[in-house]
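Taking it in order: structure first as structure tokens, then the write-up.
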Amino acid sequence: MEQSSSLTQSFLQAKCALFERLYDNLNERQREAVFTTEGPLLVLAGAGSGKTTVLVNRIAHIIRYGNSYFDDRIPEGLTSDEVGQLRAALSLPKEEIAEVLSDYASGSCPPWNVLCFTFTNKAANEMKERLASTLGEEIASDVWAGTFHKICMRLLRRFGSFLGLSDGFTIYDTEDTRKTIVSCMRKIGIDEKRLPPKTVMAEISSMKNMLKSDRECREEAGKDFRRKQIADIYTLYQERLRLANALDFDDIIMQTVRLLREDKSTIDYCRRTFRYVSVDEFQDTNYAQMQLIKILADGHRNLMVVGDDDQSIYRFRGAAIENILGFDKSYPDAKVIRLEQNYRSTSNILGAANSVIANNLSRHQKRLFSSLPAGEKITVHACENQIEEARYIARKIKEMGIRERRKFSDFAILYRMNSQSGFIEQALSRAAIPHRVIGNVRFYERKEVKDILAYLTVVNNPNDDLRLRRIINEPKRKIGDKLITDVERLAAMNGKSLYGIASDAASYPLIFKSAPRLEDFCNIIKNLQAVAATGSVSELVRTTIETTGYGEMLESEGEISKDKLENVNELVSDAAAYEETHENPTLAGFLEEVSLVSDIDSYDDEKNAVVLMTIHSAKGLEFPVVFIPGMEEGIFPGSMSQDAEDIEEERRLAYVAITRAKEKVFCLRVIERLIYGRVQNNLPSRFMEELPEELVEDEELSAQGANRPMLSKQKKPPISKEFSTVSALKISADGGRSTEKFAVGDRVRHNVFGGGMVMSATEMGGDTIYEVAFDRVGTKKLMASFAKLKREE
DNA sequence: CACGCTCTGCCTGCG
DNA sequence: GCAGAGCGTG
């Protein structure tokens, strides 16, 4: 007894020591997260704290060893010799330790029992690649790793018939959704001016994110007319989706939750399959996704979520930061592990980022630290205008490229909005600096690409009226609006799809005359369906371009449509690439793949080029040198952010931007900004002011603009003759002097427009122009001497 | 039915 | 300042 107890002790010690040795490239906290395979686990992973490493190692660990680290059982018939050998194994190279451990591990887990939600496809692919290098290609490919949408689509394709979804259902993108909603509104007779489709879309989307059906939406609306209208549109919209055999992005999640709640065979399958569930970028999940996670994880309760509340930047899209802030309420027994050591950025950069984010109130308290040297200070710089700002960036890239022998791919330019890229692209081109822009117009959203995809969708799912409408007269086939409307009317009357009517046009007197044209179109589709049934996807794409006349149309347009032709042909190679990377390539699979890619998925850090993208896209990436142009009030934070919560989100965005950098950060701003065709003089961003002075190197005056006075923290603002901005704080300080002055943030009242809030104040020719966001009529610019603004009590 | 003119309305953006 | 939508005309 004595003997065996000490043997047990020795064995367990040796086993744990071996596991620790196996992961000695991780720190203690990271290792703990890897070993904690059972039960709910929240990993609060600060920026650059090795979150992905933990996630990958943990999954590999689960598959290989299960809960072996904490499992106190010992293998049967273990001898003291074996334990001695185990101890001796500590000196072996890691691969051999791994071998030895698998002999003694008490558990392992088939890869298909492991589920991991990632934020982008790119993250999922990277994860699979990293798993492949430790576990081998075959095992890695059996892990369920993907975005919420990918995983849900897999479940919907398999079990969706329960919900009435038939094979080959379509995914509606934002544009399809918008068009459908507009058409629903017209049907009901709701004025698009009074109720913008954009608002309706956002409302319906947020209802779906809250898992609310149209019925619940209507019940909640009560007497609220507007909300009742939205509920009506919601109902009709869902009806349209159902008829078209389509789902929108929000439905993919919502319907999956429904499926799991209502269909026993689905939930049984999932509970059986997903023994281990992990979620990356947990701070950006929404309510529906959280419910999905709970349903899936509640069988085995082996749920690990990783995230950083400070990097939650999708609130505007429904992400519920409460998911991460209140995880311990959903799972009171959750273990919490904080990863606070940053391995990415210099301590100056981290100090700057910490100091900015410290201004946020709603967050998990934590303090990231870096063991890297101080490094360079943050450079803060003001330029005269956006052209100068762009040139400044180009010049710095050249300088640092030569002096510090940097590659172009060391540099990233991260901005608040895509429209900021234009000037910078120009400057980089002129300076012959290779660069790539991520985002802007997404490839799959270009008209010509969407047109070809619409053909493919119709081939796959002829009932998709929306896509059919898109292409029935593209290229022109003399099928005009009048005729389409007639076909639509017949379709509604007979309960058929547009295609159903068009393919049988001769039987309807109303459109009998046009039957040949409609039937010609249907024959094109039928022929393509035949190709789809026998040939490859890429062949189908090529045939589509040829037989629909689309390619011919583009060719005949010559030079103007050269790019379009290229894009369309690019689609053929995309299809070929899809065929190569998938085991059972199908048209439906290709279309799904295409609907679910994001622009960041195409980012390839191997290419030696400067990269331009929004801060949102840069989440999860890192670069040696980061430029952040447009650090101005009204841009970053944007003019749309008003309440404290919006500002906190913007601040998190600033935090994300700064923490992307490993070695150097440039914060840039512009004195005179041309925006929406107007000149704006923005104040420096408050986030710039929040940088600690000792970590900042002020390079305020650009070489070109040195002869002109500039705004700076210390200097008084300049009063140039025709146009200049006065610091809002200044106005506030001088407030009570002569005529009443208002500061940014003040509540004011206007005779006609009513109450509102001052958004900006600009001195101009002795007068002050206030930009006021009125509660009822939106934002207006007013001259102080005319507007007769009063302070609102 | 196609073209061209005017009007509007603008962030970020999973998939 | 620019693109996309709506409207009127040839």
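Every value quoted in this text rests on a predicted model; they were computed, and no experiment measured them. Heavy atoms only: backbone and side chains are in, while hydrogens, waters and symmetry mates are out. Reminder, nothing fancy here: chain letters follow the sequence lines and each chain counts from 1.
- A:I181 has its CD1 atom 15 Å from the P atom of C:dA5, to the nearest Å.
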Would you mind writing out the side-chain donor-acceptor pairs for residues 629-638 of chain A within the sub-3.5 Å range, not counting sequence neighbours?
from	atom 1	to	atom 2	distance (Å)
A:E632	OE1	A:R673	NE	2.8
A:E632	OE1	A:N682	ND2	3.0
A:E632	OE2	A:V670	N	2.8
A:E632	OE2	A:R673	NH2	2.7
A:E633	OE1	A:R686	NE	3.4
A:E633	OE1	A:R686	NH2	2.7
A:E633	OE2	A:R686	N	2.7
A:E633	OE2	A:R686	NE	3.0

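- Distances from the side chain of A:M417 to the nucleotides B:dC11, B:dA2, B:dG15 place B:dC11 closest.
- At most 12 heavy atoms of other shown residues, nucleotides or ligands fall within 6.0 angstrom of atom CD in A:E552.
- Between A:E593 atom CD and B:dC14 atom C1' there is a gap of 16 Å when expressed in whole angstrom units.
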Inset, instruction - Taking Watson-Crick and G-U wobble pairs with both distances under 3.5 Å, convert DNA chain B into its dot-bracket string, 5' to 3', dots for unpaired and | for cross-strand pairs. - result: ||||||||||.....
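- Note on A:N418: a side-chain N or O is less than 4.0 Å away from OP1 or OP2 of B:dG13.
- Atom-to-atom, CD1 of A:I479 to P of B:dC1 comes out at 9 Å; the value is rounded to the nearest Å.
- Nucleic acid contact for A:D173: none, since no nucleic acid atom lies under 4.0 Å from a heavy atom of the residue.
- Contact annotation: the side chain of A:R240 never approaches that of A:Y172 to less than 4.5 Å [non-hydrogen atoms, C-beta and beyond].
- Within the 4.0 angstrom heavy-atom criterion, only backbone atoms of the sugar-phosphate kind lie near A:R178; the bases stay farther away.
- Proximity of A:Y415 to A:L612: side-chain heavy atoms (C-beta onward) are separated by under 4.5 Å at one or more points.
- Nucleotides of DNA chain B nearest to A:E649 and A:T120 differ in position, and the one nearer the 5' end is that of A:E649.
- The nucleotide whose nearest atom lies closest to any side-chain atom of A:N473 is, among B:dA2, B:dC14, B:dG13, B:dA2.
- Residue-level contact check: A:R186 touches the backbone only, with heavy atoms under 4.0 Å from sugar-phosphate atoms and none from bases.
- Distances shown here put every side-chain N or O of A:T614 at or beyond 4.0 Å from the OP1 or OP2 atom of B:dC11.
- Between B:dA2, B:dC14, B:dG13, one nucleotide has an atom nearer to the side chain of A:K476 than all others, and that is B:dA2.
- Side chains of A:E281 and A:Q283: a donor-acceptor N/O pair is present below 3.5 angstrom, by distance only.
- The interatomic distance linking A:K619 (NZ) with B:dC14 (C1') rounds to 8 Å, in whole Å.
- Within a 6.0 Å radius of NZ in A:K187, no more than 12 heavy atoms belonging to other residues, nucleotides or ligands are found.
- Side-chain contact between A:R315 and A:D646: present, with at least one pair of heavy atoms (C-beta onward) separated by less than 4.5 Å.
- Each of A:K198 and A:R477 was assigned the nucleotide of DNA chain B with the nearest heavy atom; the assignment lying further toward the 5' end belongs to A:R477.
- Distances were taken from every side-chain heavy atom of A:T174 (C-beta onward) to each of B:dG15, B:dA2, B:dC14; the shortest belongs to B:dG15.
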